[in-house]
Structures are given as structure tokens and as C-alpha cells.
Amino acid sequence: MHEFLYILPRGLAIGALISAPMGPIGMLVIQRTLSKGRWPGFFTGLGAGLSDLLYCLLTGFCLSFVTGFIDSHQLVIQLIGSVVLAAFGIFLFRKNPTRQLKSAEVAASSFWSDFVTGFLLTFSNPLILFFIIGLFARFNFILPEFGIHHYIWAYTTILGGAVLWWYIITWLVNKLRRRFNVRSLWLVNRIVGAVLIVMAIIGAIMCFI
């Protein structure tokens, strides 16, 4: 039971943080929510969440082969993870996501096509692996003593965090439809980037302490 409670907040946080950066997929989700309604936007985010889960599985399986190394060099790996988070946070903080907004088709489509396009757009960016590795290391998410049931629960919580993120985002955008300004995503990126930088600094300090 202790392991499940250990995993739950970390898995939800990882799932939400992977989904949080407002890159092309975030822009597409918001654009579809504004133009087609909440659920097309949500299913687009759901497809992105599944793609992120596959990359998390790949990361977890790769790390499982070197659990001995991770156990022996835990502090170093956490420090590297903090550096990766800081770099990604700085990248987001300085980035203007509105430049990536592309005109999307507003013709009616099924939730399935929304899901597939969200999945493919996210899956086409394998660089997310480096971000996931940083998050796994920062949260010390994969432990050597984990069994198969722990892994199943861990990846379920990651998917849950992603689903919860997109559910909240599409709900907010739908509620603020008349007031929403897409250019405010620039501010969202700065907030998310600042949070990642602060997390990285705290992680680095904890390693040295």
C-alpha cells in the first residue's frame, strides 16, 4: 500500500507536466475547443496523452535494465534530471507559442479522428523522451523494488494525470470561450516554465544537501 501511495501523486504530476507545455498539441486542443466544442478538443488531448504514455513506457523499460546503476547513482541522476527540467523550463519561458498556431480544419469530424491527429502530432516529437527521463529522475519514479503491479499502477496514474489536465483545460477554455485570447498562451508558457525552473532548483539543492 505504501508503494501505491508513493506512486499516486508522482504519476499524476508527471502526466500533467508532460501535457502542460503549450506547444503545437496544446494549440490544437485549444483551437478545436474554441472552434468545434469541448469534446473534440478533449479527445485530441486524449490522443496526445496516449502517445505520451507510450513514450513513458519506453522510458520505463529502458530504465528497468539499469536499475542497479540508478540505485548506485541516484543523486547524480536526480541532478541531471533537474538540469533537464531547468533547460526545458527556460525554453518554455522564452518561447512564444502563438507563432506555432496553424489553421486547423473546422469541418465536422469524429472524435476518433480528433484522437488520432492528437496522437500522431505528439508521437512525431520523440524529443519528449528527454523531458520524460528528466521527470522520472526528478521524482525518483522508478524504484528497483517495484513489481509488475506497481508498474501497471504507475503508468495508469500517468495517463490519469494527462487525462485530468486535458479535461480541465478544455473545460476552462469552453467556459471562457468569449473572453479567451489565444495570445495569453504566452503567459501560460511562462508560468509553466517558471514552475519547472523552480522545481529543478529545488531538486538540485536537495541533491547537494
Side-chain angles (χ1 to χ4, degrees), residues 10-62 84-85 88-89 91-92 95-136 138-139 141 154-177 180 182 184-186 188-189 191-193 195-196:
R10 290 166 173 80
L12 292 175
I14 290 173
L17 286 172
I18 295 173
S19 303
M22 288 297 171
I25 185 63
M27 299 297 293
L28 181 60
V29 168
I30 291 175
Q31 192 275 340
R32 283 184 172 172
T33 303
L34 291 173
S35 63
K36 298 166 60 177
R38 179 185 178 187
W39 295 114
F42 174 74
F43 275 89
T44 302
L46 198 61
L50 179 60
S51 176
D52 290 334
L53 178 63
L54 291 180
Y55 277 125
C56 287
L57 286 168
L58 179 61
T59 301
F61 286 140
C62 289
V84 172
L85 285 183
F88 199 81
F91 173 75
L92 282 178
K95 189 176 183 180
N96 185 354
T98 59
R99 296 178 180 176
Q100 296 180 335
L101 184 60
K102 298 180 180 180
S103 59
E105 295 183 9
V106 294
S109 61
S110 66
F111 292 155
W112 172 250
S113 65
D114 294 324
F115 178 88
V116 171
T117 53
F119 176 87
L120 292 178
L121 180 60
T122 307
F123 194 75
S124 64
N125 180 27
L127 292 179
I128 193 67
L129 272 174
F130 294 101
F131 185 43
I132 294 173
I133 291 172
L135 287 174
F136 273 36
R138 172 62 189 86
F139 286 98
F141 191 61
Y155 293 117
T156 300
T157 59
I158 290 176
L159 182 60
V163 171
L164 183 63
W165 170 263
W166 292 121
Y167 186 87
I168 293 173
I169 288 297
T170 53
W171 180 82
L172 286 174
V173 173
N174 194 54
K175 283 290 184 181
L176 302 175
R177 178 184 299 273
F180 197 83
V182 178
S184 63
L185 287 177
W186 180 73
V188 174
N189 260 18
I191 293 174
V192 175
V195 169
L196 293 180

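Note that the structure is a prediction, hence the values are computed from the model and not measured. For the single chain, residues carry numbers from 1 onward in sequence order.
- Scanning all heavy atoms of the two residues, the minimum distance from Thr122 to Ser51 falls at C-OG, 3.5 Å.
- Counting heavy atoms from C-beta on, the side chains of Ile18 and Ile132 come closer than 4.5 Å.
- Looking at every heavy atom in both residues, Ala48 comes nearest to Ile25 through CB-CG1, 3.5 Å.
- Counting only distance, with no hydrogens or angles, the side chain of Thr117 and the backbone of Asp114 share a donor-acceptor pair below 3.5 Å.
- By the 30° and 60° cut-offs, the orientation of the rings of Tyr55 relative to Phe123 is parallel.
- Atom CZ in Arg38 sits 4.0 Å away from atom OH in Tyr167 (nearest 0.5 Å).
- Looking only at side-chain heavy atoms (C-beta outward), Arg10 and Phe136 stay at 4.5 Å or farther from each other.
- The two residues Gly37 and Pro40 make their nearest non-hydrogen contact at O-CD, 3.4 Å.
- In this structure, Leu54 CG and Leu50 CG are separated by 5.0 Å, a value rounded to the nearest 0.5 Å.
- Residue Leu135 holds its CG atom at 8.0 Å from CD1 of Ile128, rounded to the nearest 0.5 Å.
- Residues Phe119 and Val116 fail the side-chain proximity criterion, which asks for heavy atoms closer than 4.5 Å.
- Under the 3.5 Å distance criterion, the side-chain polar atoms of Ser19 are matched with a main-chain donor or acceptor of Gly15.
- The ring of Phe115 has its center no closer than 6.0 angstrom to the ring center of Phe43.
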> Which is it for Phe141 and Thr59 under the side-chain contact (heavy atoms from CB on, under 4.5 Å) test, yes or no, and what are the steps along the way?
Replying inline: CA-CA 11 Å; Phe141 191 61; Thr59 301; over 6 Å; no
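- A distance of 10.0 Å separates CG in Leu159 from CG in Leu57, rounded to the nearest 0.5 Å.
- The structure places CZ of Phe42 at 10.5 Å from OG1 of Thr33, a figure rounded to the nearest 0.5 Å.
- Checking each of Val163, Ile169, Ile168 against Trp165 for a side-chain contact (heavy atoms from CB on, under 4.5 Å) leaves exactly one that passes, namely Ile169.
- Residues Leu46 and Trp166 fail the side-chain proximity criterion, which asks for heavy atoms closer than 4.5 Å.
- Between Phe131 atom CZ and Ile14 atom CD1 the span is 9.5 Å, to the nearest 0.5 Å.
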